[in-house]
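This report concerns only the one structure given below.
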Amino acid sequence: MNKRDVHNHKYNEKVVPEAMKNHTSKKHGQTAKKIVAIASSTGGPKALMEVLPYLPANLDAPILVVQHMPAGFTDSLAKRIDSVSALKVHEVVDGVIPEKGNVYIAKGGLHMEVRHKNRADRICLFDGCTREGVKPCANYMFESLADSKYQEILCVVLTGMGADGTEGIERLKSSKRVHVITQSKETCAVYGMPRAVDMAELTDESVPLDKVAEAIIKNVGVMKDGC
């Protein structure tokens, strides 16, 4: 049993009940193209370690993550989370097509968005001015999904200072089927970004950090065997 298998047994068996293992999303059918987009900042690396390792390898959507970090730090973050996760966790490479079973963390010091290019939705990196005082900025990620082919989008806003994510989610909700999860105030290191989303009345459910993974699985579902 390798390290990933050990972790999968230790964590995912603990938080994913038997009934959930064969769960498929019934809320909007099983054929919708889905994606999960997560934003985090202050306290985010620790929070991500409490979420991503608790998700199963057969989650029915790829995951994008914007964690506010400078250049040179996101690669080690991705490797650290990958070492204890059933999902494959990467610092994103420009132009990659998101695939289920994978987590793509924005490269520190660059913005990340999804663009429909060459008949596929691809993750693209670009330089530019800071937005909300940060780079990468989650607003760009959320806004870009409005022009993607994804039909169901799950936005998750974790602990962090400021209001990054609110504007992007508001614009995204005007054109796509979106469900928004925020981390509850009492479990945030800094209740800034989730608070901004809550105050804008964009939140569909606010949950403690230790329930975020479960909420993601509930809303996205898992792939059936052979899918």
Side-chain angles (χ1 to χ4, degrees), residues 8 11-40 44 47-66 81 85-87 89 98-105 114 121 138 141-146 148-160 165-166 168-185 187-188 193-194 197-198 200-225 227:
N8 193 26
Y11 287 88
N12 292 319
E13 292 294 322
K14 176 181 177 182
V15 298
V16 183
E18 189 68 33
M20 188 67 77
K21 292 177 189 176
N22 296 316
H23 171 77
T24 54
S25 179
K26 298 179 180 178
K27 189 175 180 180
H28 303 299
Q30 299 176 7
T31 59
K33 186 178 180 184
K34 296 174 278 190
I35 195 165
V36 179
I38 300 175
S40 56
L48 291 169
M49 286 291 288
E50 294 297 321
V51 175
L52 297 177
Y54 290 84
L55 297 173
N58 61 343
L59 190 75
D60 196 21
I63 299 175
L64 309 181
V65 176
V66 165
I81 299 174
S85 298
L87 294 164
V89 185
E99 295 182 354
K100 296 174 184 179
N102 290 266
V103 178
Y104 304 92
I105 297 180
V114 173
D121 286 313
M141 172 182 65
F142 291 136
E143 289 168 353
S144 70
L145 289 168
S148 73
K149 297 299 182 182
Y150 291 100
Q151 298 157 300
E152 294 185 20
I153 301 168
L154 179 62
C155 299
V156 181
V157 180
L158 302 176
T159 177
T166 300
I169 290 173
E170 185 171 24
R171 293 182 179 179
L172 180 59
K173 270 201 164 188
S174 68
S175 60
K176 288 283 188 177
R177 180 181 291 157
V178 179
H179 187 85
V180 180
I181 297 170
T182 56
Q183 183 179 341
S184 62
K185 177 181 179 179
T187 64
C188 285
M193 286 163 52
V197 176
D198 293 344
E201 299 183 345
L202 297 170
T203 303
D204 294 296
E205 57 181 314
S206 178
V207 299
L209 180 60
D210 65 356
K211 299 295 182 182
V212 172
E214 184 178 338
I216 291 172
I217 297 167
K218 178 189 71 176
N219 283 280
V220 174
V222 298
M223 295 178 285
K224 289 183 176 180
D225 292 341
C227 294

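Bear in mind that the values here come from a model prediction, so they are computed numbers and not experimental data.
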If I compare all heavy atoms of S85 with all of P53, which pair ends up nearest, and what's the gap? OG-CA, 3.5 Å
Any non-hydrogen side-chain atom of L59 less than 4.5 Å from a side-chain atom of I216? yes
One should read off an interatomic distance between L87 CG and N58 CG, to the nearest 0.5 angstrom, of 9.0 Å
Distance-minimising heavy-atom pair for I181 and A215: CD1-CB, 3.7 Å
Give a yes or no on this: more than 12 heavy atoms of other residues, nucleotides or ligands lie within 6.0 Å of atom NZ of K211. no
Evaluate the side-chain proximity of V180 to K173: yes if any heavy-atom separation is below 4.5 Å, no if none is. yes
When rounded to the nearest 0.5 angstrom, what distance separates CG in D210 from OH in Y54? 9.0 Å
Separation of S175 OG from I153 CD1 (nearest 0.5 Å): 7.5 Å
For residues S144 and V114, determine if any side-chain heavy atom of one lies less than 4.5 Å from a side-chain heavy atom of the other. yes
Roughly how far, to the nearest 0.5 Å, is OG of S148 from CG of L172? 8.0 Å
Please list, chain by chain and in numerical order, all residues satisfying salt bridge (Lys or Arg N to Asp or Glu O under 4.0 Å) with E205, sequence neighbours excluded. K218
If you compare all heavy atoms of A37 against all heavy atoms of L145, which two are closest, and at what distance to 0.1 Å? CB-CD1, 4.0 Å
Nearest 0.5 angstrom please: I35 CD1 to C155 SG, how far? 10.0 Å
Say you draw a straight line from CG of L158 to CD of E50; how long is it, rounded to the nearest 0.5 Å? 11.0 Å
Is there side-chain contact between I169 and V157, with at least one heavy-atom pair below 4.5 Å? yes
For C188 against P194, the heavy-atom pair lying closest together: SG-CG, 3.8 Å
Is D60 reaching over with its side chain to a backbone N or O of G221, donor-acceptor style, under 3.5 angstrom? no
Working note: K33 + D121, criterion side chain to side chain contact (heavy atoms under 4.5 Å, CB included); need CA distance, chi angles, decisive distance, verdict. CA-CA 11 Å; K33 186 178 180 184; D121 286 313; 2.9 Å; yes
Short side-chain to backbone donor-acceptor contact, Y104 and E99, under 3.5 Å: yes
Side chain K34, main chain V220, donor-acceptor under 3.5 Å: yes
Heavy-atom pair with the smallest gap, counting every atom of E143 and R171: OE2-NH1, 3.1 Å
Taking the side chain as every heavy atom from C-beta outward, state whether V103 and I81 have any atom pair closer than 4.5 Å. no
Looking at residues at least two apart in the chain, or sitting in another chain, which of them share a salt bridge (Lys or Arg N to Asp or Glu O under 4.0 Å) with K176? none
Of all the heavy-atom pairs spanning V51 and A213, show the shortest one and how long it is. O-CB, 3.8 Å
Taking 4.0 angstrom as the limit, do D198 and K185 come out as a salt bridge? no
